[in-house]
Peer 1: 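One structure coming up, written as structure tokens, with questions to follow.
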Amino acid sequence: MKIACVGEAMVELSLGTDSTAMGFAGDTLNTAIYLKRCAGDTLDVAYVTRLGEDVLSDRMVAMIEDEGIDASRISRDPVRIPGLYAISTDADGERSFLYWRDASAAKAMFDRGFKALEGFDVIYLSAITLAILPPVVCQELLSWLEAHSIRVAFDSNYRPRLWKDQKTAQEVIGRAWKIADIALPSVDDEQALFGEDDQASVEARFASYDIKGALKCGPSGPVSLPDLTKGQYQPAARVVDTTAAGDSFNGGFLAEYLRSEDLSTALQAGHDCAAKVVAHRGAIIARDHF
């Protein structure tokens, strides 16, 4: 099975108390890496984006390939460069971000059409993927997905600053949910986006979509979709940094679900993957910690 993860890969600056570390991350890239680590050789994982022709882009491609991910669908831009963000965490592991992404090469990844998406069995993307694209291209991408018999996995990953306004985000993400075959929303994102008062309202809306997947509910663990059952999940033993908690859950979940189609096992696999990741700093933890 061939899976394409589609979105924006960025330069990450992790701001510690006494030092700053540089790495590479991005919501769908994080998921691609953890998906491949969990699946190993049982699934073929590719990453689709656009980078520059600069040294940081070269290093990013090398890192992606070193994770065993196919980077052949990454196009290169002679003018633009990758976006950058800086992340800091408080004593409880909660994060805050600063972004420099207005001229990111990833915004132009589909300027020449969607050929890079052809030949895959599953396409994974997020609302961040949709938000960074020019509005016309975003709608064209959704139309392309509707017209092709490719399974779509989607995470709303709502970031208000990336959208013109909340109404636009609701319309685009709502359309994406109608296209999706596998849903990976977070309850807090959905409440913020659609103005729902509680988790029960989010659950009721997703039950009406009749999409299989997981509603992520933080440390308490996920709820299965669409049947809304909840297993018993142990909270992470140690929380240092919640960066990529949801992305890593998606990777672990998809690695199991795409192989077995067993929802309960996939929910546990996603929770276990996220628990490992939040115990370490940064979006992409060292392989010897995984």
Side-chain angles (χ1 to χ4, degrees), residues 1-9 26-39 42-51 64 67-75 105-158 162 172-186 209-214 216 225 246-261 263 266 270:
M1 186 181 292
K2 296 182 178 180
I3 302 100
C5 296
V6 185
E8 182 180 27
D27 68 328
T28 57
L29 177 59
N30 303 340
T31 294
I33 289 171
Y34 292 118
L35 168 57
K36 185 61 179 176
R37 288 186 184 182
C38 291
T42 64
L43 297 173
D44 292 332
V45 180
Y47 195 66
V48 178
T49 191
R50 188 169 179 83
L51 297 173
I64 291 169
E67 291 285 348
I69 296 170
D70 178 7
S72 65
R73 305 292 180 103
I74 297 176
S75 60
K107 292 176 179 288
M109 74 175 91
F110 295 124
D111 280 5
R112 297 181 181 179
F114 305 105
K115 188 174 178 60
L117 301 182
E118 294 177 357
F120 292 102
D121 302 296
V122 180
I123 289 176
Y124 168 77
L125 70 161
S126 74
I128 293 177
T129 311
L130 301 177
I132 66 167
L133 298 174
V136 171
V137 178
C138 172
Q139 295 296 333
E140 289 174 346
L141 171 58
L142 292 174
S143 295
W144 189 93
L145 293 171
E146 288 171 332
H148 289 74
S149 56
I150 301 173
R151 293 176 79 186
V152 175
F154 183 68
D155 181 351
S156 51
N157 224 352
Y158 177 49
L162 295 179
V172 172
I173 294 172
R175 184 181 176 190
W177 283 132
K178 293 177 182 178
I179 296 169
D181 302 287
I182 302 171
L184 293 164
S186 295
Y209 292 157
D210 196 30
I211 315 170
K212 289 188 176 181
K216 291 169 286 185
L225 298 174
D247 305 332
S248 57
F249 175 95
N250 294 351
F253 176 93
L254 289 170
E256 178 59 40
Y257 188 68
L258 294 176
R259 291 179 293 179
S260 70
E261 300 289 331
L263 193 54

Peer 1: Ignoring hydrogens and angles, state whether a donor on the side chain of Ser186 or Tyr158 is under 3.5 Å from an acceptor on the partner side chain.
Peer 2: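 Distance-only check fails for Ser186 and Tyr158.
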Peer 1: Is there a side-chain contact (heavy atoms from CB on, under 4.5 Å) between Ile123 and Trp144 once you walk through the steps?
Peer 2: CA-CA 12 Å; Ile123 289 176; Trp144 189 93; 4.0 Å; yes
Peer 1: Indicate yes or no: at least one non-hydrogen side-chain atom of Arg175 is less than 4.5 angstrom from one of Gln139.
Peer 2: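 In contact.
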Peer 1: Determine the minimum heavy-atom distance between Ala255 and Cys38, stating which atoms define it.
Peer 2: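 Smallest heavy-atom distance, with atoms named: CB-CB, 3.5 Å.
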Peer 1: In terms of relative ring orientation, are Phe154 and Trp177 parallel, tilted or perpendicular, with 30° and 60° separating the classes?
Peer 2: perpendicular
Peer 1: Between Leu184 and Phe253, which heavy-atom pair has the shortest distance, and what is it?
Peer 2: CD2-CD2, 3.7 Å
Peer 1: Going through the distances and angles, do Lys212 and Glu261 end up as a salt bridge (charged side-chain N to carboxylate O under 4.0 Å, His left out)?
Peer 2: CA-CA 10 Å; Lys212 289 188 176 181; Glu261 300 289 331; 6.0 Å; no
Peer 1: Rounded to the nearest 0.5 Å, how far does CG of Leu258 lie from CZ of Arg151?
Peer 2: 6.0 Å
Peer 1: For the CD1 atom of Ile128 and the CG atom of Asp247, what is their distance to the nearest 0.5 Å?
Peer 2: 7.5 Å
Peer 1: Calculate, to the nearest 0.5 Å, the distance between atoms CZ and CD belonging to Phe110 and Glu140 respectively.
Peer 2: 11.0 Å
Peer 1: Please walk me through it: do Leu35 and Ile69 pass side-chain contact (heavy atoms from CB on, under 4.5 Å)?
Peer 2: CA-CA 10 Å; Leu35 168 57; Ile69 296 170; over 6 Å; no
Peer 1: Can a donor-acceptor pair be found, under 3.5 Å and without considering hydrogens, that links the side chain of Lys36 to the backbone of Leu43?
Peer 2: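 Yes, Lys36 side chain to Leu43 backbone: donor-acceptor pair under 3.5 Å.
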Peer 1: Calculate, to the nearest 0.5 Å, the distance between atoms CE and CG belonging to Met109 and Asp111 respectively.
Peer 2: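 Rounded to the nearest 0.5 Å, the CE-CG separation comes out at 10.0 Å.
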Peer 1: State, yes or no, whether a side-chain contact exists between Thr49 and Leu29 at a heavy-atom distance under 4.5 Å.
Peer 2: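 They are not in side-chain contact.
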Peer 1: Would you call Lys216-Asp155 a salt bridge at under 4.0 Å N-O?
Peer 2: yes
Peer 1: Between Thr31, Asn157, Asn250, Asp27, which is the residue that forms a side-chain hydrogen bond (donor to acceptor under 3.5 Å, both in side chains) with Ser126?
Peer 2: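 Exactly one pass, corresponding to Asp27.
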Peer 1: What closest approach, in Å, do Ala4 and Val48 show between heavy atoms, and which atom pair accounts for it?
Peer 2: CB-CG2, 4.1 Å
Peer 1: Say you draw a straight line from CG of Leu263 to CG of Leu225; how long is it, rounded to the nearest 0.5 Å?
Peer 2: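 Result: 8.0 Å between the selected atoms.
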Peer 1: Roughly how far, to the nearest 0.5 Å, is CD1 of Ile150 from CG of Asp121?
Peer 2: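 The CD1 atom of Ile150 is 8.5 Å from CG of Asp121, to the nearest 0.5 Å.
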Peer 1: So, for Leu254 and Ala153, which heavy atoms are closest and what is the spacing to 0.1 Å?
Peer 2: CD2-CB, 4.1 Å
Peer 1: Just so I know, are the side chains of Val6 and Thr28 near enough to count as touching, which here means a heavy-atom distance under 4.5 Å?
Peer 2: no
Peer 1: Using modelled atom types only, decide if a donor and an acceptor are shared between the side chain of Arg73 and the backbone of Ala116 within a distance under 3.5 Å.
Peer 2: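 Yes, the answer is positive, given that a donor and an acceptor are paired below the 3.5 Å cut-off.
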Peer 1: Please tell me if the side chains of Pro134 and Val136 come closer than 4.5 Å, counting only heavy atoms from C-beta onward.
Peer 2: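 A side-chain contact is absent here, since even the closest heavy-atom pair is not under 4.5 Å.
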Peer 1: Testing the basics here: between Leu133 and Thr129, what is the closest heavy-atom pair and its distance to 0.1 Å?
Peer 2: CG-O, 3.3 Å
Peer 1: Would you name the heavy atoms of Tyr47 and Ala32 that are closest together and state the gap between them?
Peer 2: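 Closest approach of Tyr47 to Ala32: CD1-CB, 4.1 Å.
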